[in-house]
Amino acid sequence: MVIRPSSLRSKFLRKHRKWPTSAYSYKWQQTFIQNQALQTLKQSAAATPQEKENNDRPHHLFSAHVHSFTSYNCDPTPEAYHFVIKTLAKTSQVHHIPRVLDRIEFAEKFETPEYILAQLIKIYGFAGRIGDAIDLFCRIPKFRCVPSVYSLNSLLYVLCRSSESLKLVPEMLLKCQVMNIRLEVSSFRVLITALCRIGKIGYAIQMLNYMINDGYGLDARCCSLILSSLCEEKDLALSNFEVLSFLEAIKKMGFTPSMMDYSDVIRFLVKEGRGLDALDALCQMKVEGIKPDIVCYTMVLHGIIAKGDYGKADELFDELLVLGLVPDVYTYNVYINGLCKQNNVEAGLNMISSMEELGCKPNLITYNLLLKAVNKIGEISQAKELMTKMNLKGVGVNSQTYRIMLDGLFHKGDVDEACVLMEEILDKQLC
DNA sequence: CTAGGGTTAG
């Protein structure tokens, strides 16, 4: 028969208890006294700030710890040790933690709560002590604690922080099999998040494959994460090829993209000058029953206009209105940009009043776009008028505004006016 | 809790 240590301990307590009370009451008093001891310890740690800064006295906290518990004639609690460890970490005395650990291992009997050890793994990791973190992980059973995926995730998190320690991950995954810890979806999330963060998206996709092969099922969060990382990937040779094919692949495996997923993809496609692909993605959304919001439409509209397909742009604008979406400044600016590119300045200027009627205030960008277009067709006086209107409406100008105006004036050969404007710029120190 | 994500030009 297996006798669990906890039942052994309670038998021992019943036999040797000091108070003629029930076990419940005894426990209560014990907890109370331990709390008092912990309070004393915390006070003594807080009361000596000058010693905290003094690294020559590393034993202070630790001896205070022992002392406060012996003076209350009770055993230190795991929480007390936790406090000591946290304090040592906070005061950059991580190198003194091993002594504390030794004491927990050899002098104490309690079952150490796993979170304390898991947290220490992270402390070690952030202090750059990868070796200590790994050692601690392997040593967890010595602290009368059964390591679970919780500790493993902490370790994986730490290992994934640098490319150097990343190499140790496969070894640790094997090791945890021996320790009988089964990876959970959360572990994969830790790995994939970290891999994406350090730009190792290829490895992240590999992890996703392992996950599927090991029967964990496809995790939507992992998919979204990899997808958005691919969209942000700077190596275009890689991402241009991957983004859509990756999306296609995970969709086949049962992933249903959310609006955010599509937003990421559309933003990527537009940035890459693939406006038509962005439009396709938008259609795909609708097919899948997701109503694209105004941001999606604005991005696609931008992409289409960049391609010069103004007919499609108009269609798209109509469509969004039909869907009941309300265009905002971003949308109007994109649209106005399209009108300006077609040299349809008239329509662009009319948009200002339309916007105002619809309760959408034109902003600096709106005016800059139109100023540029007006100057382009050589209507300097109209541009000046527009600038006055800007001021009137309380829309401040920026250096871009002045550059546009100077450009216009020089283009016209109006050097005098340009000089006047130049002085105004110098006055405002907007150079 | 319903944001965030999106607009000029260099």
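Because only heavy atoms are used, hydrogens play no part in the values below, and waters and symmetry mates are left out as well, while side chains stay in. Below, read A as the first sequence line, B as the second, and so on, with proteins coming before strands; counting in each chain starts at 1. Only a predicted model underlies this, so the values are computations on that prediction, with no experimental measurement involved.
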For this session: Would you confirm whether the ring centroid of Y115(A) sits within less than 6.0 angstrom of the ring centroid of Y150(A)?
Result: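 Aromatic pair excluded; centres sit 6.0 Å or further apart.
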Exercise. For the residue pair F317(A) and Y297(A), is the inter-centroid distance of their aromatic rings smaller than 6.0 Å?
Worked result: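 No, the ring centres sit 6.0 Å or more apart.
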Ion pair check, [X] and [Y], cut-off under 4.0 Å:
X       : Y       : answer
E319(A) : K312(A) : no
R189(A) : E184(A) : no
R144(A) : E108(A) : no

Could you tell me how far apart [X] ([atom1]) and [N] ([atom2]) are, to the nearest whole angstrom?
X       : N      : atom1 : atom2 : answer
I294(A) : dA3(B) : CD1   : P     : 14 Å
D293(A) : dG5(B) : CG    : C1'   : 8 Å
Y297(A) : dT7(B) : OH    : P     : 18 Å
I290(A) : dG5(B) : CD1   : C1'   : 15 Å
M355(A) : dT7(B) : CE    : C1'   : 10 Å
K361(A) : dT7(B) : NZ    : C1'   : 18 Å
M260(A) : dC1(B) : CE    : P     : 20 Å
M259(A) : dT2(B) : CE    : C1'   : 10 Å

Exercise. Which part of the nucleic acid, if any, lies within contact of D328(A), taking any heavy atom under 4.0 Å across all strands shown: a base, the sugar-phosphate backbone alone, or nothing?
Worked result: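 Base contact.
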For this session: Quick one: label T366(A) by what it contacts on the DNA or RNA (base, sugar-phosphate, nothing), any heavy atom closer than 4.0 Å.
Result: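 It contacts nothing in the nucleic acid.
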Check the interface with nucleotides 8-10 of chain B: list each N/O to N/O pair with the protein under 3.5 Å, or write none.
residue	atom	partner	partner atom	Å
dT8(B)	OP1	H302(A)	NE2	3.3
dA9(B)	OP1	K372(A)	NZ	3.3
dA9(B)	O4'	Q400(A)	NE2	2.9

Exercise. Nearest of dG6(B), dG4(B), dT7(B) to any side-chain atom of N363(A)?
Worked result: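 From the listed options, dT7(B) comes nearest.
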Exercise. Do you know which of C231(A), C296(A), S228(A) makes side-chain contact (heavy atoms from CB on, under 4.5 Å) with V265(A)?
Worked result: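 Of the listed options, the one satisfying the test is C231(A).
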Exercise. Can N350(A) and E346(A) be said to form a side-chain contact (heavy atoms from CB on, under 4.5 Å), step by step?
Worked result: CA-CA 6 Å; N350(A) 285 337; E346(A) 179 98 32; 4.1 Å; yes
